[in-house]
Amino acid sequence: MLIDGAFAVASDNAWITSLNPATEAEIGRVPAGTKDDVNRAVDAAERAQSGWKQKSIWERGALLRKVAAGFRVRAQEILTMEATDTGNTIAKLRADVEIAAGYLEYFAGLGTEMKGDTVPASATGLHFTLREPYGVVARIVPFNHPFMFAGAHLAAPLMAGNTVVIKTPETSPLSGHLLGEVCQEILPAGVVNIVSGYGLPVGDALVRHAKIRRIGFTGSVATGLAIQRAAAETSVKHVTLELGGKNPLIVFPDADIHKAVDAAVAGMNFSWAGQSCGSTSRLLVHESLYARAIELTQAKVAALKLGDPLDPASDMGPVNSIGHYKRIMALIEAGKSEGAKLILGGGRPKGEMFKRGYWIEPTVFADVTPHMTIAREEVFGPVMTIAKWATVDEAISIANSTDYGLTTGIFTHDITQALTTAKRIESGVVTINGSGMHFVGLPFGGVKNSGFGGEESLDELLSYTQAKSVHIML
Ligand code: NAD
């Protein structure tokens, strides 16, 4: 862990061993942090904050750019560790370091946008607002892209003048150490602190800590709810949540079915075994194209090559942990027993290299109806579902029928149809004729149980500031 500019072990010297999910071999260990460790990290962040806040936006921006450069210098090392620890395949994973560096540079340039307002509130006075940092911010990171999230999520709070304590995930924590080495070299001690360990006690202690008033969480709905409860029990805190998704891709009768299926399969993110909040896990196809959609999806998914995450030729690796493997397998069984039609996969792949590790075949179900468990619950695994619809109202009703609302894809050439559907969809992000897209500068985030608080945009930066009104009575 990185606490106050130095690497630290847990106060009780306990450790978490990290396994390579492709082989179950032990590949490293991180401290299993304690509440005392969290307290030390928050104290260090608090001590560092006044000095950090007093730096100009130019000085803070320059340091963030240096951290971005530090990521790039060590990209190969970071990616090798990340692919080995997460199971994500290396070819597509290469973007993760670049994305983290890109967000540091983007926010580094946005300092002058932390503007206040002047308001003519009285005839004789001057009334304006200032944007000020919260102080110490907690950012809690999930297992699927730990380096990318931890690295990118530093940017907005730091630029706004906060210091940060990051909590890394327990099942793929190793790249957090490399992040710590880059931050230690470039930033003043205590500006970024990294704690590792389990949700209980480490995440919970962070959330409950009296000095933390701002929490940015990325993870599951269940943990998001626990964080809201825990935060509310201690003090008034600003919590933003980036949670799960059960993302539909709606194909209209006029769509190019080849392009729609390509987008759906690409959007499933099989490169990370479907472990992506934005995975297009529900392909909703008009009945006129339904049979063709099943055929094309089956062929495209069957062609994916499972293999060593470090081999650039591999399209998909294992899922991240034994716990997650069991959860996904149980959901696949629910799909089978509730009457969905298994088109592809549905079990453990055959072959010597898949005997150990958390391997699951890319799986496709058709004839999925909205009441089925696999139509409602986020699998967060390599499982696609296909369903058919007859009328636009039916398509929108199926799309909106889950508690989630993260991303939606719409395939049609009819601009009116596309835009009216986009307006009726309960989703934080809608992509017309595409899937799973993020564009720097536009808020990414969910509605309903997918969370609130758009990130990757100016909204994220401003959300790490709070407005203070100042009245000058002339
Ligand atoms: P998770 O909720 O199990 O864990 C996320 C983090 O929270 C981990 O670091 C964990 O240790 C910590 N945590 C667990 N219990 C806690 C508690 N009580 N208090 C504080 N922290 C606690 O999620 P996961 O399994 O790591 O990640 C998968 C989930 O993340 C999926 O639902 C996925 O959709 C979601 N996700 C969302 C986005 C997004 O941008 N919307 C991005 C990636 C992942």
Side-chain angles (χ1 to χ4, degrees), residues 16 30 32-33 35 38 85-86 88 96 99 103 138-150 152-153 165-173 175-176 194-209 212 215-234 237 239-247 268-269 272-281 319-328 331 377-381 402-407 427-429 436 438 443-457 460:
I16 296 175
V30 294
K35 192 173 170 188
V38 168
D85 204 15
T86 57
N88 294 342
D96 278 29
I99 290 170
Y103 277 110
R139 295 230 62 166
I140 302 177
V141 176
F143 72 73
N144 57 336
H145 295 275
F147 186 88
M148 182 185 82
F149 284 125
H153 287 173
V165 180
I166 295 175
K167 149 83 176 77
T168 54
E170 54 268 50
T171 57
S172 35
S175 60
I194 302 176
V195 290
S196 52
Y198 296 102
L200 287 171
V202 176
D204 184 64
L206 254 183
V207 168
R208 290 177 189 272
H209 200 293
I212 291 196
I215 299 158
F217 173 71
T218 305
S220 65
V221 175
T223 307
L225 294 174
I227 287 174
Q228 286 186 317
R229 280 193 299 273
E233 274 170 22
T234 24
K237 297 171 193 269
V239 180
T240 47
L241 303 171
E242 287 283 357
L243 308 177
K246 190 75 194 170
N247 311 296
M268 261 304 293
N269 293 311
W272 354 113
Q275 297 162 118
S276 173
C277 57
S279 285
T280 45
S281 53
V319 300
N320 184 258
S321 65
I322 182 67
H324 199 47
Y325 172 89
K326 288 182 179 161
R327 197 184 152 270
I328 296 170
L331 285 164
E377 282 192 24
E378 182 188 41
V379 179
F380 211 61
T402 73
D403 289 334
Y404 295 99
L406 191 56
T407 72
S427 183
V429 180
H438 293 239
F444 183 88
V447 299
K448 295 160 75 179
N449 273 4
S450 290
F452 52 79
E455 300 194 327
E456 307 174 9
S457 61
E460 181 179 349

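Counting starts at 1 for both ligands and their atoms, in listed order.
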Q: Would you mind checking if Glu233 and Arg208 are paired as a salt bridge, meaning a charged N to carboxylate O distance below 4.0 Å?
A: yes
Q. Which residues pass the side chain to side chain contact (heavy atoms under 4.5 Å, CB included) test with Ala150, sequence neighbours left out?
A. Val141, Ile166, Leu179
Q. In chain order, what residues pass the side chain to side chain contact (heavy atoms under 4.5 Å, CB included) check against Gln275, with sequence neighbours excluded?
A. Asn88, Phe143, Asn144, Ala273, Val319, Asn320, His324, Phe380
Sequence neighbours left out, cut at 3.5 Å: what donor-acceptor pairs do the side chains of residues 220-232 make with other protein atoms?
unit_1: Ser220; atom_1: OG; unit_2: Thr223; atom_2: N; d: 3.3
unit_1: Ser220; atom_1: OG; unit_2: Thr223; atom_2: OG1; d: 3.1

Q) Looking at side-chain heavy atoms only, is the closest gap between Phe444 and Glu242 below 4.5 Å? A) yes
Q. Using the ring of each side chain (for Trp, its six-membered ring), is His153 parallel, tilted or perpendicular to Phe149, with breaks at 30° and 60°?
A. tilted
Q. For ligand 1, what are the residues with a heavy-atom contact below 4.0 Å?
A. Ile140, Val141, Pro142, Phe143, Asn144, Phe149, Lys167, Thr168, Pro169, Glu170, Gly199, Gly203, Asp204, Phe217, Thr218, Gly219, Ser220, Thr223, Ile227, Glu242, Leu243, Gly244, Cys277, Glu378, Phe380, Leu406, Phe444
